[in-house]
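As structure tokens, the structure follows; a few thoughts come after it.
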2 protein chains.
Amino acid sequence: MSADIDQIIKRSQEVCASTGNKLTEKRKNVLTVLLASTIPLSAYDIVDKYKAQFQESLPVMSVYRMLDFLIQEKLVHKLETAGQYMSCAHITCNHQHETPQFLICDRCGSVKEIGIKKHIIEDLERSIQSTGFALAHQQLELHGVCKQCQAISK
Amino acid sequence: MSADIDQIIKRSQEVCASTGNKLTEKRKNVLTVLLASTIPLSAYDIVDKYKAQFQESLPVMSVYRMLDFLIQEKLVHKLETAGQYMSCAHITCNHQHETPQFLICDRCGSVKEIGIKKHIIEDLERSIQSTGFALAHQQLELHGVCKQCQAISK
DNA sequence: TTGGATATGATATAACATATCATCCTTTCG
DNA sequence: CGAAAGGATGATATGTTATATCATATCCAA
């Protein structure tokens, strides 16, 4: 485990402790698998990587439960448009989480998580207000082509 | 078929003709099923409704193909976060389509399609520009609770 | 009328997700 | 200490969304 990942895990344990929950060995391992990946993974991808990395087979049911837990602790995001999961890019940040905005490359599958500007969200909310709709978990998933893939196709 | 739906279908036929394509009987029926629904439907939902409405069984494979066609003609939208489909609320409008923005009620499943303000999209694009990412099909799916459901829960 | 293009059918399977009941492990409290 | 309770995980089955592939049918143009 790289020093970086080690540090993020340590911070994750603190996050869980602060909510009165436990980052068990297996939950920690699932998070580690996600941290080690440059692209988001499906629950079934995680089963495979987990087996390769830890020589231990995990039922997909358990992976889903552990993902639910990690999402609840805000250590992991689910990409709804892809049915995939990725670790939060800001686990070690102390500041409050902004509304996450994901730039999903439809060519290579990489995803960049950027914070969305507050005033854009505010504009969006204002634009919605007249309809009486109450926004829930705000998360924007934007599809396109990343810089690297654009360079390649030229 | 209601007069409203009848008119939308007529307009849809013109749209297809203008792109050199045909709104066949079955494609028209699939669109009719979607137009008649107040909530978005999955491909499998459409199979069921189609059977009830037209006394004819359609393979789900065909439904997916027809949906692909209708989406290409911009008569139908796919909600990526839900795996469901709905007819475009603006088929009979002549103006150019704005970036669609969907307000999805997580309680009752209803979806409201509203046009997003141009300046918000421009802000979003500017916010993304620095990363070198090229946006593709722009569509925002926002989850929350609609006005009616808020009223009920009070 | 025939031949190519487009549309649809049939079958199989992949990929993502949940329901349910059983088992195991830890914590707590008498 | 030891049993009860609650949380975490395992095992099995099944539901839901989507695609691959090959076959058949329909339509239009040369």
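Quick note on labels: first sequence line is chain A, next is B, and so on, each numbered from 1.
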Report the C-alpha separation of B/Arg126 and B/Asp123 in whole Å, then their side-chain angles, then the decisive distance to 0.1 Å, and conclude whether the salt bridge (charged side-chain N to carboxylate O under 4.0 Å, His left out) test is met.
CA-CA 5 Å; B/Arg126 212 169 303 127; B/Asp123 282 356; 3.0 Å; yes

To the nearest angstrom, how far is B/Lys28 atom NZ from C/dA7 atom C1'?
16 Å

Presence of A/Arg65 side-chain N/O under 4.0 Å of C/dT18 phosphate oxygens OP1/OP2:
no

Of all the nucleotides listed (D/dT21, D/dG10, D/dA8), which has the minimum atom distance to the side chain of B/Met61?
D/dT21

Whole angstroms only, please: what is the CE-C1' distance between B/Met66 and D/dA18?
16 Å

A/Ile121, B/Leu124: one ILVMFWY side-chain cluster at the under-4.5 Å cut-off?
yes

Can you confirm if the aromatic rings of B/His77 and B/Phe102 lie within a centre distance of less than 6.0 Å?
yes

Rounded to the nearest angstrom, tell me the gap between atom CD1 in A/Ile71 and atom C1' in C/dC16.
13 Å

Nearest-Å distance, CD (A/Gln84) to C1' (C/dC16)?
10 Å

Taking the minimum atom-to-atom distance to the side chain of B/Tyr64, which one of C/dA10, D/dA18, C/dT8 wins?
D/dA18

What is the distance from atom SG of B/Cys88 to atom CG of B/Leu75, rounded to the nearest 0.5 Å?
7.5 Å

Grab the CG-P distance between B/Leu67 and C/dA7 for me, whole Å please.
15 Å

Could you work out which one of D/dT12, D/dA18, D/dG10 sits closest to the side chain of B/Tyr44?
D/dA18

Between C/dA17 and A/Lys78, is there an OP1 or OP2 to side-chain N/O distance shorter than 4.0 Å?
yes

Which comes earlier along DNA chain C counting from the 5' end, the contact point of B/Val60 or that of B/Lys26, where each point is its nearest nucleotide?
B/Lys26

Within the pair B/Ser42 and D/dT17, is there a side-chain N or O less than 4.0 Å away from OP1 or OP2?
yes

How long is the line joining CG of B/Asp68 and C1' of C/dT8, in whole Å?
14 Å

By nearest atom, which of the nucleotides D/dA11, C/dG9, C/dT27 is closest to the A/Lys22 side chain?
C/dT27

To the nearest Å, how far apart are A/Ile46 CD1 and C/dA17 P?
10 Å

Verify salt bridge (charged side-chain N to carboxylate O under 4.0 Å, His left out) between B/Arg27 and B/Glu73, making sure each step is shown before the conclusion.
CA-CA 11 Å; B/Arg27 286 169 175 170; B/Glu73 299 294 318; over 6 Å; no

In this structure, how many angstroms lie between the P atom of D/dA8 and the CD atom of A/Glu73, rounded?
10 Å

Please tell me if B/Ser62 has a side-chain N or O lying less than 4.0 Å from either OP1 or OP2 of C/dG9.
yes

